[in-house]
2 protein chains.
Amino acid sequence: MAVPLDDLDRKILSLLQQDAGLSLDEIARKLSASKTPVWNRIRKMREAGVIKSEVAILDPDKIGLETCFFVLIRTSEHDAEWLERFLKTVRARPEVLEAHRLAGDIDYILKVRVPNARAFDTFYQSLIREVSIFNVTSSLSMEEIKYTTALPLP
Amino acid sequence: MAVPLDDLDRKILSLLQQDAGLSLDEIARKLSASKTPVWNRIRKMREAGVIKSEVAILDPDKIGLETCFFVLIRTSEHDAEWLERFLKTVRARPEVLEAHRLAGDIDYILKVRVPNARAFDTFYQSLIREVSIFNVTSSLSMEEIKYTTALPLP
DNA sequence: GTTGAAAGGATGGACCT
DNA sequence: AGGTCCATCCTTTCAAC
């Protein structure tokens with residue numbers, strides 16, 4: 001599954017993770033390489049799926065999404081039907097930015113972005129209506145200490 | 001703090017959140033608008049900080065980062081010195097992709113990406129060494145159900 | 001808001017090291 | 001394999017309308 005990367009590959013990825021708008025020229029210059037090899041590596045890494053996409057990152061506060069909740073879910077339900085409904089709901093709701101199935105005490109964690117606490121309550125009510133009963137803890141984020149899309153390149 | 005957006009702004013953002021590599025031409029065509037107004041809006045939204053950046057999104061599995069942990073931290077320490085050290089550590093470590101200060105029972109949550117469980121243990125040991133004592137629960141993610149950088153545009 | 005023109009960047013080929 | 005040069009096409013950027 002993993003794609004082997006050399007040092008130049010990692011340097012290219014590191015730059016593109018910070019700024020995907022860099023021109024080929026700038027990347028080549030920063031790495032003291034020349035355009036062709038840099039371009040070929042970028043193309044290959046795109047084809048291999050190492051680079052999944054290039055996206056714009058928005059500031060949530062600037063678009064009125066000032067509230068972020070983490071939802072910790074413990075459930076006794078583990079049958080296929082329940083799970084399918086849960087997955088479908090989570091994937092369909094744009095407020096849910098991240099969802100993971102966890103090992104251990106907590107079964108699922110959701111990260112949810114909404115305009116305010118009232119909007120979260122609306123979301124929450126409709127979630128528990130759609131996928132029946134939960135044991136849920138919702139934690140309001142008071143401060144986003146760190147958020148990065150840049151993965152560490154080992 | 002929030003920037004007022006109209007319908008065209010939101011449509012542009014929605015496209016750029018999915019694919020920042022779209023050309024101005026394509027965006028204008030998709031929205032049946034013409035290039036200049038689209039371009040002016042993009043520029044303004046960049047200047048206003050609504051669009052923070054454009055970045056490449058990598059596939060963690062393809063670069064050997066197969067393991068994701070959520071770290072839930074309860075701490076009795078709340079003095080300024082401890083906090084500063086904690087923030088500095090969290091921000092400096094590239095494995096920590098997200099960190100939030102929470103209201104309620106849990107004080108902090110971290111999302112950490114590493115190659116494997118052993119690497120997480122190394123990270124964990126060095127974290128608790130650097131910032132003294134914690135009450136910590138680490139939960140391994142068995143499955144990433146959803147991950148998106150696209151914010152809902154209300 | 002529209003058109004279009006000038007400048008700059010992306011893509012890919014030919015050829016060399 | 002990487003490097004250089006080049007030709008073509010596509011985008012961005014901005015001025016004039």
Side-chain angles (χ1 to χ4, degrees), chain A residues 1-60 62-64 148-154, chain B residues 2-65 148-151 153-154:
Chain A
M1 197 74 195
V3 176
L5 301 174
D6 69 9
D7 208 50
L8 182 56
D9 290 327
R10 276 189 288 269
K11 281 176 182 157
I12 293 168
L13 291 177
S14 170
L15 289 174
L16 290 178
Q17 282 197 117
Q18 290 179 250
D19 184 357
L22 287 172
S23 78
L24 203 49
D25 248 359
E26 287 170 310
I27 297 168
R29 197 147 25 81
K30 275 177 202 274
L31 303 179
S32 337
S34 93
K35 282 163 56 177
T36 314
V38 171
W39 168 243
N40 284 330
R41 282 150 186 273
I42 292 174
R43 198 171 37 74
K44 268 178 204 155
M45 291 192 287
R46 273 203 264 252
E47 280 162 18
V50 172
I51 299 174
K52 281 202 294 191
S53 59
E54 287 156 38
V55 302
I57 301 297
L58 310 187
D59 184 330
K62 295 273 167 68
I63 59 172
T148 180
T149 55
L151 303 176
L153 298 167
Chain B
V3 176
L5 301 174
D6 69 9
D7 208 51
L8 182 57
D9 290 328
R10 275 188 288 270
K11 282 176 181 158
I12 293 168
L13 291 177
S14 169
L15 289 174
L16 290 178
Q17 283 197 117
Q18 291 178 249
D19 184 357
L22 287 172
S23 78
L24 204 49
D25 243 0
E26 287 169 309
I27 297 169
R29 198 146 25 80
K30 276 176 202 275
L31 302 179
S32 334
S34 91
K35 284 162 50 178
T36 313
V38 172
W39 189 76
N40 284 330
R41 282 147 187 277
I42 293 174
R43 198 173 37 75
K44 268 178 202 154
M45 292 193 285
R46 274 203 265 252
E47 278 163 18
V50 172
I51 299 173
K52 280 202 294 190
S53 58
E54 286 157 40
V55 302
I57 301 296
L58 311 187
D59 184 331
D61 291 335
K62 294 272 166 69
I63 59 172
L65 292 173
T148 179
T149 54
L151 303 176
L153 297 167

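Letters A, B, ... mirror the listed sequences (proteins, then strands); counts begin at 1.
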[X] side chain near [N] phosphate (N/O to OP1/OP2, under 4.0 Å):
X     : N      : answer
A/S34 : D/dT4  : yes
A/R41 : D/dG2  : yes
A/W39 : C/dT11 : no

Report the distance from atom [atom1] of [X] to atom [atom2] of [N], rounded to the nearest whole Å.
X     : N      : atom1 : atom2 : value
B/N40 : C/dG1  : CG    : C1'   : 10 Å
B/L31 : C/dT2  : CG    : P     : 13 Å
A/K35 : C/dC15 : NZ    : C1'   : 16 Å
B/L24 : D/dC14 : CG    : C1'   : 12 Å
A/D25 : C/dT11 : CG    : C1'   : 13 Å
B/L22 : D/dC10 : CG    : P     : 16 Å
A/E26 : C/dG8  : CD    : C1'   : 11 Å
A/D9  : D/dG2  : CG    : C1'   : 13 Å

- Item | Heavy-atom pair with the smallest gap, counting every atom of B/L153 and B/R10 | CD1-O, 3.3 Å
- Message: If you compare all heavy atoms of B/G64 against all heavy atoms of A/A2, which two are closest, and at what distance to 0.1 Å?
- Response: N-CB, 4.2 Å
- Could you tell me whether B/T36 contacts a base, only the sugar-phosphate backbone, or nothing, with contacts defined as non-hydrogen atoms closer than 4.0 Å? base
- Query: Base, sugar-phosphate alone, or nothing: which one does B/P37 contact when heavy atoms must sit under 4.0 Å apart?
  - Reply: base
- Under 4.0 Å between a Lys/Arg side-chain N and an Asp/Glu carboxylate O for A/E26 and A/K30? no
- Would you check if the side chain of B/D9 reaches a backbone N or O of B/D6 as a donor-acceptor pair within less than 3.5 Å? yes
